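Please read the structure below before turning to the comments.
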Amino acid sequence: MPVTTKRAKTAIAEPNIAFIKYWGNRNHTLRIPSNGSLSMNLEGLETRTSVTFDPALPADRLTLNGQPVADSALVRVSAMLERVRGQAGTTHFASVSSTNNFPMGAGIASSASAMAALALAASAAAGLELPEKDLSILARTGSGSASRSVPGGFVEWQAGSSHEDSFAFSIAPPEHWDLVDLVAVVHAEHKATGSTAGHVLAESSPLQSARVADAHRRIEICRRAILERDFPTFAGIVELDNNMMHAVMMTSTPPLVYWKPATLAVMESVGRWRDEGAEVCYTIDAGPNVHVICTSKHRQELAGLLRAMPGVRQVLEATPGGPTRLVPDP
């Protein structure tokens with residue numbers, strides 16, 4: 001039913017950490033990826049977004065972490081709202097308020113949780129009841145990795161070949177494996193080149209075609225390791241995939257080098273801790289902050305070691321999380 005009166009809906013979504021990475025698109029407009037990917041939602045980190053369609057509004061409005069926003073972020077939000085308006089058969093503009101409890105634009109998938117929460121809150125506020133597959137597709141158009149934040153737990157995003165078959169789904173629930181993500185924050189400021197621009201640059205790297213060609217093999221290995229809770233195999237393929245993606249970034253034109261000295265220090269420490277017997281590995285999204293993945297029995301020790309490292313400003317802790325969901329309005 002089209003929106004005829006003000007109706008507010010609030011959704012919470014979690015960022016996700018990709019174990020097999022998404023980098024590069026076959027279709028940049030629709031964000032259809034060059035390869036599939038695997039990830040885990042991050043319980044404890046969240047974006048909370050409220051959307052109200054209001055017949056009295058002259059334009060869409062965005063408030064981000066309490067501050068009015070009228071830049072490219074509003075343009076991106078309005079593009080998502082326009083897709084929702086098209087599906088719902090309404091022309092009303094919307095007021096959007098969104099908050100995060102973790103740093104934005106620093107390689108912790110803030111756009112994933114933001115667009116997943118927006119997709120659900122906006123569609124619900126417009127009177128739509130989208131099934132998970134369609135919600136994942138809608139979220140993908142705002143941010144590719146947002147498609148993976150819609151389902152819960154351990155998630156696979158099938159690349160697909162069209163708008164209709166590129167979506168994410170759960171391969172295991174949050175309680176399947178007691179993994180912990182210790183996010184070593186070494187730099188909390190916005191990165192100079194965002195992921196949207198980076199996906200376009202991926203095509204300029206001579207290494208991208210090899211990375212994409214081998215992606216199916218890496219997904220198969222990683223999926224099996226997750227389902228069998230095989231940490232040594234999981235650690236090896238996750239770090240390989242990470243290093244391949246960052247090699248593409250560093251060999252793009254212009255090159256993208258997100259790592260800081262503290263990034264390398266954490267990576268080296270993770271290797272040493274693993275040699276000493278800890279179940280631990282690293283992965284890094286498009287930013288300098290390191291996701292240190294371990295099993296729960298090593299959580300307290302490794303969190304303490306990370307917090308004591310020079311250059312590590314903060315350690316965020318997250319466990320496997322649930323799907324994007326509606327919550328009562330505040």
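The model shown is predicted, which means the values in this text are computed figures rather than measured ones.
Heavy-atom minimum distance, Val84 versus Ala122: CG1-O, 3.6 Å. Scanning all heavy atoms of the two residues, the minimum distance from Gly287 to His246 falls at O-CE1, 4.3 Å. Between Gly160 and Asp165 the shortest heavy-atom distance is CA-OD1, 3.3 Å. Nearest heavy atom pair, residue Asp181 against residue Met40, reads CB-CE, 4.3 Å.
If you check the side chains of His199 and Arg31, you find no donor sitting under 3.5 Å from an acceptor. A donor atom on one side chain and an acceptor atom on the other are found under 3.5 Å apart for Ser113 and Thr47. Thr295 and Asp178 share no side-chain donor-acceptor pair at under 3.5 Å. A donor atom on one side chain and an acceptor atom on the other are found under 3.5 Å apart for Asn35 and Arg211. One side chain, Asp60 or Ser78, offers a donor N or O that lies under 3.5 Å from an acceptor on the other. Donor-acceptor pairing under 3.5 Å is lacking for the side chains of Thr10 and Arg48.
Within the model, atoms CH2 of Trp23 and CG of Leu201 stand 7.5 Å from one another, a figure rounded to the nearest 0.5 Å.
For the pair Arg217 and Asp214, the salt-bridge criterion is met [side-chain N within less than 4.0 Å of a carboxylate O]. Ionic pairing of Arg148 and Glu14 is not present here: no N-O contact between side-chain nitrogen and carboxylate oxygen is shorter than 4.0 angstrom. For Arg274 and Glu279, the salt-bridge test fails: no basic side-chain N is under 4.0 Å from an acidic carboxylate O.
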Using side-chain contact (heavy atoms from CB on, under 4.5 Å), reason through Thr141 and Arg83 one step at a time and then give a plain yes or no. CA-CA 9 Å; Thr141 63; Arg83 296 183 193 101; 3.2 Å; yes
Check the pair Ile284 / Met245 against side-chain contact (heavy atoms from CB on, under 4.5 Å), numbers first and verdict last. CA-CA 9 Å; Ile284 306 161; Met245 182 184 74; over 6 Å; no
Report the C-alpha distance between Ser143 and Ser111 in whole Å, list the side-chain angles of each, state the deciding distance to 0.1 Å, and finish with yes or no for side-chain hydrogen bond (donor to acceptor under 3.5 Å, both in side chains). CA-CA 6 Å; Ser143 167; Ser111 64; 3.1 Å; yes
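Listed by first then second residue, pairs satisfying salt bridge (charged side-chain N to carboxylate O under 4.0 Å, His left out) with a partner in residues 308-318 read Glu189-Arg313, Arg299-Glu317, Arg307-Glu317, not counting sequence neighbours.
The aromatic rings of Trp157 and Tyr22 sit perpendicular to each other, their planes meeting at more than 60°, with 30° as the lower class boundary.
Partners of Thr283 according to the side-chain contact (heavy atoms from CB on, under 4.5 Å) rule, which considers only residues two or more places apart in sequence or in another chain, are Ile17, Lys21, Val238, Asn242, His291, Ile293. Among residues two or more places apart in sequence or in another chain, the side-chain contact (heavy atoms from CB on, under 4.5 Å) test is passed with His216 by Glu220. For Trp273, there are no ring pair (Phe, Tyr, Trp, His ring centres under 6.0 Å) partners two or more places apart in sequence or in a different chain.
Both Val180 and Val270 are members of a single hydrophobic cluster when ILVMFWY side chains are connected at heavy-atom separations under 4.5 Å.
A donor-acceptor distance shorter than 3.5 angstrom exists from the side chain of Ser166 to the backbone of Ala159, with no hydrogens or angles considered. Checked by atom type and distance alone, the side chain of Thr324 never pairs as donor or acceptor with a backbone atom of Ala117 at under 3.5 Å. Formation of a donor-acceptor pair under 3.5 Å by the Asn27 side chain with backbone atoms of Pro33 is not found in this model.
Val212 belongs to no multi-residue hydrophobic cluster, having no ILVMFWY side-chain contact under 4.5 Å with any other such residue. Phe93 belongs to a hydrophobic cluster with Leu57, counting contacts under 4.5 Å between side-chain heavy atoms of Ile, Leu, Val, Met, Phe, Trp and Tyr, direct or through other members.
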